[in-house]
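One structure is given here, and the rest of the page talks about it.
Every number for a ligand or one of its atoms is a count from 1 in the order of the listing. We number each residue from 1, following the sequence as shown.
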Amino acid sequence: MTSFILNERPVRTEERPGLTLLEFIRGVACLSGTKDACREGECGACTVLLGSRQSDGTMVYKACASCLTALGDADGCHVVTVEGLGGEPLTLVQRLIVEHSASQCGFCTPGIVLSLTGFALGSLSLSYDDALNALDGNICRCTGYASIRNAAKALCEALAGIDKAPGKRPGALISSGVVPAYFSEVPGRLAGLGAIPAPCGKNAVPVAGGTDLFVQKPEQLLESELCFLSKRRDLDYVREDKEFLRAGGAVTIEDFRNSPAVRRHFPALAADLLLHSSAILRNKATLAGNIVNASPIGDAAIILLALDARLMITGESGRKREVPLDKFFLGYKKTDLACGELVSEIAIPLPPAGARYNFEKVSNRTILDIAAVNSALLLTTATDGAVKDLRVSAGGVGPVAMLLPGLEKFCGRKPDAALFEDLAKAALAAAKPIDDIRGSAEYKKLLLGQLMRAHARTLAAVEAAS
Ligand SMILES: Cc1cc2nc3c(=O)[nH]c(=O)nc-3n(C[C@H](O)[C@H](O)[C@H](O)COP(=O)(O)OP(=O)(O)OC[C@H]3O[C@@H](n4cnc5c(N)ncnc54)[C@H](O)[C@@H]3O)c2cc1C
Ligand code: FES
Ligand code: FES
């Protein structure tokens with residue numbers, strides 16, 4: 001049984017938890033405002049809001065692609081489609097879209113309305129940049145993005161004076177006409193709704209964000225026993241101790257990116273992780289899912305390899321073991337994870353003094369595209385400026401996301417142009433790319449060499465600016 005609130009009405013359904021939320025909304029609940037297009041998280045036409053009640057009674061709403069969200073993930077939540085926002089009268093976001101002529105055929109418009117409403121509910125800064133980031137997964141084929149951006153800008157201006165405190169946000173947005181008044185009753189109505197999360201059974205498929213699983217095997221998931229990690233509050237944290245930044249196994253890319261501890265210790269990640277998919281996917285996709293799917297070009301995996309991350313793996317019995325990320329990938333799509341085991345924590349050593357980090361990604365499109373080749377670097381220097389430690393990862397050039405071997409030989413050298421030329425040679429010697437749809441092996445080798453030079457240029461630019 002899955003229980004949730006769909007717009008204003010309560011839902012209790014025996015539909016299979018692996019049905020996509022999109023199929024439920026359109027096919028079972030007969031709400032056709034949410035559009036069905038790519039079914040692969042690529043267009044944003046199916047965007048809805050998923051609101052979950054926090055332990056302090058406040059709500060957190062996130063825009064997500066309903067085509068890659070399981071019905072079971074909605075258990076205990078508030079699901080908002082365009083029918084749950086307005087019509088008569090229009091909400092502020094809808095009005096601004098009309099006033100700025102930001103809709104033509106209208107196919108993308110419900111998704112854009114939901115993404116902007118999600119921004120208004122969730123953005124800490126309510127800045128124009130944040131509004132544009134919130135829209136990075138919504139494709140429009142006919143209006144032209146200038147008018148959509150104008151509507152987003154007008155929204156930011158209209159919200160400039162509101163109380164930004166997360167606890168006060170829904171009330172402020174009801175007064176501003178961004179969400180309807182019934183939103184204020186939702187936390188009370190959700191109290192006690194939804195099943196109590198249980199540990200995953202041995203044969204259950206762990207579903208984190210589902211952004212990989214629901215592209216790969218949606219039919220199979222319909223028949224499978226599923227374990228929804230988004231319900232596991234014990235796996236949803238980012239905290240730091242003296243040595244490590246620790247992220248639970250259900251932390252989303254977007255929560256990680258926005259976490260104060262990450263901003264403090266790894267400020268560059270706020271921009272780097274924006275290159276991962278789009279907001280409606282990052283709101284659900286997790287760091288652990290990016291690692292366990294064992295893609296040779298996973299962005300988070302490549303970054304975490306350079307940062308020397310370690311995985312805490314917890315078995316069904318509760319037994320824990322630690323595996324360094326660079327020992328986790330055993331071959332193409334093969335990992336050191338046994339049946340029934342979960343990645344329960346990702347621990348990243350806090351950067352030592354003198355450490356410099358950089359990430360580079362080449363893809364056909366800047367946003368919403370998987371890399372052809374990507375690479376991250378962590379360079380630590382001694383007080384005399386000589387290299388003390390160098391870790392460089394490379395994706396798309398072998399069967400697994402790899403850490404370049406043998407870089408100890410660079411220790412003691414100055415990190416100058418000659419060193420990075422030698423690093424490019426070392427990277428090419430280790431790379432074994434294949435021809436595929438992202439490019440020929442030869443092209444990927446060329447890119448890899450260029451990415452080593454790009455690391456050098458970015459580090460030099462950062463140094464010059466500081
Ligand atoms: C349109 C689109 C764009 C994308 N763009 C990018 C991109 O730019 N960069 C990129 O790197 N990826 C991209 N991806 C791929 C995908 O979004 C990411 O790999 C994402 O991080 C996967 O995380 P998830 O939580 O959604 O994983 P899920 O789909 O939930 O799970 C993936 C696998 O990991 C397992 N799993 C998940 N969590 C755990 C855990 N804690 N313990 C054990 N097993 C677990 C699942 O059982 C499954 O086998 C894109 C995908 C789409 C659809
Ligand atoms: S239908 Fe295109 S993102 Fe879901
Ligand atoms: S208005 Fe036609 S696709 Fe955006």
Side-chain angles (χ1 to χ4, degrees), residues 20-22 34-48 64-70 73 97 101-112 137-145 147-148 200 204-217 221 224 226-230 232 235 247-253 256 273-278 280-303 311-314 333 335 337-346 361 363 365-371 374 395 401:
T20 66
L21 194 51
L22 174 65
T34 307
K35 301 302 177 207
D36 182 353
C38 69
R39 293 194 179 199
E40 288 202 345
E42 297 267 4
C43 72
C46 68
T47 305
V48 300
C64 64
S66 61
C67 65
L68 301 183
T69 300
D73 236 350
I97 283 184
S101 305
S103 178
Q104 198 171 321
C105 78
F107 193 79
C108 68
T109 309
I112 287 176
N138 294 89
I139 288 177
C140 174
R141 286 286 178 199
C142 55
T143 297
Y145 291 103
S147 42
I148 296 170
C200 299
V205 179
V207 178
T211 65
D212 191 50
L213 279 169
F214 279 86
V215 174
Q216 304 299 335
K217 44 183 177 186
L221 293 169
S224 308
L226 305 179
C227 177
F228 293 102
L229 302 185
S230 65
R232 294 277 303 269
L235 299 180
V251 168
T252 64
I253 304 269
F256 184 73
L273 287 172
L274 275 180
L275 299 176
H276 183 297
S277 63
S278 63
I280 54 170
L281 298 185
R282 288 192 303 273
N283 278 335
K284 294 207 75 241
T286 61
L287 288 181
N290 197 270
I291 292 167
V292 179
N293 80 11
S295 159
I297 42 173
D299 290 323
I302 283 295
I303 289 170
L311 305 181
M312 187 59 75
I313 294 177
T314 306
K333 294 275 179 186
T335 66
L337 196 68
C339 198
E341 284 188 323
L342 283 182
V343 172
S344 48
E345 184 179 273
I346 299 149
K361 170 174 178 175
S363 48
R365 289 181 306 202
T366 310
I367 299 290
L368 243 182
D369 206 0
I370 289 171
N374 51 6

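- Here's the thing with Gly298: none of its N/O atoms is less than 3.5 angstrom from an N/O atom of ligand 1.
- Ligand 1 lies within reach of Leu275, whose nearest heavy atom is under 4.0 Å from it.
- Every atom of ligand 2 is numbered from 1 in the order shown, and the set under 4.0 Å from a heavy atom of Cys43 is 1 (S), 2 (Fe), 3 (S).
- Look at Leu235 and you'll find every heavy atom at least 4.0 Å from all atoms of ligand 1.
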Problem - Test side-chain contact (heavy atoms from CB on, under 4.5 Å) applied to His276 and Asn290, step by step - result: CA-CA 10 Å; His276 183 297; Asn290 197 270; 3.2 Å; yes
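- Between atom CD1 of residue Ile303 and atom CG of residue Leu287 there is a gap of 9.0 Å, rounded to the nearest 0.5 Å.
- At least one heavy atom of Lys361 sits less than 4.0 Å from an atom of ligand 1.
- For a threshold of 3.5 Å applied to N or O pairs, the pair formed by Gly209 and ligand 1 contains at least one separation below that value.
- Atoms of ligand 2 lying under 4.0 Å from any heavy atom of Glu42, numbered from 1 in the order shown and given with element: 3 (S).
- Those atoms of ligand 3 that come under 4.0 Å of a heavy atom in Gly106, given as number and element, are 1 (S), 2 (Fe).
- Inclusion of Cys105 in the first shell of atom 4 (Fe) of ligand 3 is not supported: no N, O or S atom falls under 2.8 Å.
- Residue contacts with ligand 1: Leu337 is included, with a non-hydrogen atom under 4.0 Å away.
- In terms of modelled atom types and a separation under 3.5 Å, the side chain of Ser295 and the main chain of Ile297 share a donor-acceptor contact.
- The single protein non-hydrogen atom nearest to atom 2 (Fe) of ligand 3 is Cys142 SG, 2.2 Å, given as residue, atom name and distance.
- Where the criterion is an N or O separation shorter than 3.5 Å, residue side chain and backbone included, Val207 fails it with respect to ligand 1.
- Backbone or side-chain N, O or S atoms of Cys38 reach atom 2 (Fe) of ligand 2 at under 2.8 Å.
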Practice task
Could you walk me through whether Lys284 and Thr69 pass the side-chain contact (heavy atoms from CB on, under 4.5 Å) test, one step at a time?
Solution key: CA-CA 8 Å; Lys284 294 207 75 241; Thr69 300; 3.4 Å; yes
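- Residue Gly41 approaches ligand 2 through these ligand atoms, each under 4.0 Å from one of its heavy atoms: 3 (S).
- Between Gly249 and ligand 1, an N or O atom pair is found at a separation short of 3.5 Å.
- Checked by distance only, ligand 1 and Ser277 come closer than 3.5 Å through their nitrogen or oxygen atoms.
- Among protein heavy atoms, atom 1 (S) of ligand 3 sits closest to Thr143 OG1, 3.1 Å.
- With hydrogens and angles disregarded, a donor-acceptor distance shorter than 3.5 Å links the side chain of Thr143 to the backbone of Gln104.
- Of all atoms in ligand 1, listed by their number and element, those nearer than 4.0 Å to a heavy atom of Asp299 are 7 (C), 8 (O), 9 (N), 10 (C), 11 (O).
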Practice task
For the pair Cys227 and Cys200, evaluate disulfide bond (SG atoms under 2.5 Å apart) and give the outcome as yes or no after the intermediate values.
Solution key: CA-CA 5 Å; Cys227 177; Cys200 299; 2.0 Å; yes
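- Residue Leu342 places no N or O, backbone or side chain, under 3.5 Å from any N or O of ligand 1.
- Put simply, Cys108 stays out of reach of atom 2 (Fe) of ligand 3, with no N, O or S atom under 2.8 Å from it.
- Of the protein's non-hydrogen atoms, the one nearest atom 3 (S) of ligand 3 is Arg141 N, 3.1 Å.
- Side-chain N or O atoms of Arg365 include one that pairs as donor or acceptor with a backbone N or O of Leu368 at under 3.5 Å.
- For Glu40, no nitrogen or oxygen atom sits less than 3.5 Å from a nitrogen or oxygen atom of ligand 1, counting backbone and side chain alike.
- Only the backbone of Arg39 comes within 4.0 Å of ligand 2, counting heavy atoms alone; no side-chain atom from C-beta on gets that close.
- For atom 15 (C) of ligand 1, no protein heavy-atom neighbour is found at a distance under 4.0 Å.
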